[in-house]
Amino acid sequence: MKYYILFGPPGAGKGTQAGAMVETWNLCHLSTGELLRAEIAAGTPLGLQAKALIDAGNLVPDEVVEGMIESKFNSVKDVNGFLLDGFPRTTAQADALGAMLERRGESLSGVVSIMIPDAMIYDRIRHRAEIEGRADDASDAIVRNRIDTYHAKTEPLISYYRARGLYHEIDGTGTIDEVRARIFALLKTL
Ligand code: ADP
């Protein structure tokens with residue numbers, strides 16, 4: 001099984017690019033943000049707990065997302081691998097993922113990191129807010145908090161995975177097609 005992490009700041013285009021990647025390589029797309037939004041929409045206890053944190057641009061507790069990921073690893077069949085989108089987001093989550101994979105006798109195939117400058121994050125999220133209406137896209141203050149959270153808690157994963165020889169960065173600026181071509185060229189090598 002292949003296990004890829006799709007990495008990058010909020011608004012880098014992870015969700016946009018994931019579709020073509022999972023189709024071409026027969027992967028299961030696991031977006032913790034999407035899974036959490038589904039819990040909120042269904043009004044589950046977990047969704048109720050997560051909603052206030054997400055709407056303010058904060059992370060939900062590590063155990064919550066780790067549990068969601070492991071249950072998908074255990075239940076999803078008939079795929080060649082998993083594309084993790086938005087997970088891990090902290091080094092504690094990365095350690096937990098490493099332990100999960102080890103228990104399964106598996107290992108990470110690589111981290112595909114889509115990088116864009118902070119200024120572009122605002123433009124892309126403002127555009128998405130008009131289309132999707134996500135509460136956490138609605139105000140600049142919340143987006144600023146998400147970017148700050150990314151720099152403080154998630155960016156350390158770059159050196160974490162670089163030290164393990166698993167980190168691969170591509171330029172996330174340009175058109176959707178241009179970025180997809182860069183990702184596909186990389187994925188063929190992982
Ligand atoms: P984006 O890529 O635009 O940041 P996501 O859909 O990945 O958005 O995530 C939306 C929100 O869901 C995050 O801001 C956070 O509150 C929560 N979330 C998603 N994944 C995680 C995670 N791995 N750990 C903690 N919180 C998470």
Side-chain angles (χ1 to χ4, degrees), residues 3-19 21-22 28-42 44-73 82-101 108 111-158 160-161 170 172 176 179 183:
Y3 291 85
Y4 299 108
I5 294 172
L6 189 56
F7 185 86
K14 300 186 292 291
T16 303
Q17 297 295 339
M21 296 168 77
V22 299
C28 170
H29 180 207
L30 287 186
S31 158
T32 40
E34 272 175 25
L35 292 171
L36 288 165
R37 284 189 287 278
E39 297 280 342
I40 293 172
T44 65
L46 193 157
L48 291 176
Q49 184 201 349
K51 184 174 172 21
L53 290 165
I54 293 176
D55 286 355
N58 295 317
L59 297 182
V60 306
D62 290 334
E63 310 77 60
V64 170
V65 284
E66 288 161 13
M68 292 193 315
I69 292 285
E70 188 149 38
S71 86
K72 289 288 183 186
F73 282 170
F82 291 88
L83 182 64
L84 303 177
D85 167 359
F87 177 89
R89 250 181 166 90
T90 63
T91 49
Q93 290 176 19
D95 286 340
L97 173 63
M100 270 181 233
L101 293 180
L108 206 57
V111 177
V112 178
S113 174
I114 308 179
M115 227 17 92
I116 60 169
D118 280 7
M120 196 175 280
I121 299 177
Y122 283 104
D123 291 345
R124 293 213 183 155
I125 290 185
R126 275 195 203 106
H127 177 67
R128 183 168 74 187
E130 287 166 21
I131 298 168
E132 294 182 15
R134 270 171 55 174
D136 60 344
D137 285 346
S139 91
D140 278 355
I142 295 169
V143 174
R144 166 49 56 199
N145 187 34
R146 284 161 63 204
I147 296 172
D148 289 347
T149 302
Y150 166 78
H151 287 304
K153 300 201 169 146
T154 306
E155 209 164 48
L157 291 177
I158 296 176
Y160 181 103
Y161 285 118
I170 62 117
I176 292 175
V179 176
I183 293 175

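Counting starts at 1 for both ligands and their atoms, following the listed order.
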Glu63: side chain to side chain contact (heavy atoms under 4.5 Å, CB included) partners, not counting sequence neighbours: Pro61
Val65 neighbourhood, listing ligand 1 atoms whose heavy-atom distance to it stays under 4.0 Å: 21 (C), 22 (C), 23 (N), 24 (N)
Closest approach of any protein heavy atom to atom 8 (O) of ligand 1, naming residue and atom: Arg134 NH2, 3.1 Å
Val60 and ligand 1 - part of the residue with a heavy-atom distance under 4.0 Å: both
Gly172 versus Ile114, closest heavy-atom pair with distance: CA-CG2, 3.5 Å
Residue pair Ile5 / Pro88: nearest heavy atoms and the distance that separates them: CD1-CD, 3.5 Å
Test item: Lys14 side-chain N/O and Gly8 main-chain N/O as donor-acceptor pair under 3.5 Å: yes
Identity and distance of the protein heavy atom lying nearest atom 13 (C) of ligand 1: Arg89 NH2, 3.8 Å
Atoms in ligand 1 with a heavy atom of Asp136 nearer than 4.0 Å: 10 (C)
Contact partition for Arg128 relative to ligand 1, non-hydrogen atoms under 4.0 Å: side chain
Among Glu132, Lys14, Glu34, closest by any non-hydrogen atom to atom 2 (O) of ligand 1: Lys14
Ligand 1-proximal atoms of Leu59, by part, heavy-atom distance under 4.0 Å: both
Closest protein heavy atom to atom 15 (C) of ligand 1, given as residue, atom name and distance to 0.1 Å: Asn58 O, 3.6 Å
Please list, one pair per line, the donor and acceptor atoms closer than 3.5 Å that link side chains of residues 125-132 to other protein atoms, with sequence neighbours excluded.
from: Arg126; atom 1: NH2; to: Asp140; atom 2: OD2; distance (Å): 3.2
from: Arg128; atom 1: NE; to: Asp137; atom 2: OD2; distance (Å): 2.9
from: Arg128; atom 1: NH2; to: Asp137; atom 2: OD1; distance (Å): 3.2

Contact (N/O only, under 3.5 Å) between Arg146 and ligand 1: yes
Donor-acceptor contact present, side-chain Arg89 to main-chain Lys153, <3.5 Å: no
Shortest protein contact, atom 18 (N) of ligand 1 (heavy atom only): Leu36 CD1, 3.5 Å
Short N or O distance, Gly86 and ligand 1, threshold 3.5 Å exclusive: yes
Proximal atoms of ligand 1 relative to Arg37 (non-hydrogen, under 4.0 Å): 6 (O), 10 (C)
Residue, atom name and distance, where the atom is the protein heavy atom closest to atom 24 (N) of ligand 1: Gln93 NE2, 2.9 Å
Where ligand 1 meets Thr32 - atom numbers and elements under 4.0 angstrom, heavy-atom basis: 19 (C), 20 (N), 21 (C), 23 (N)
Asp55 side chain near Ile142 side chain, heavy-atom distance below 4.5 Å: no
Distance flag, aromatic centroids of Phe73 and Tyr3, threshold under 6.0 Å: yes
From Met68 atom CE to Leu30 atom CG, the distance as rounded to the nearest 0.5 Å: 9.0 Å
Glu39 (side chain) donor-acceptor with Pro45 (main chain) under 3.5 angstrom: no
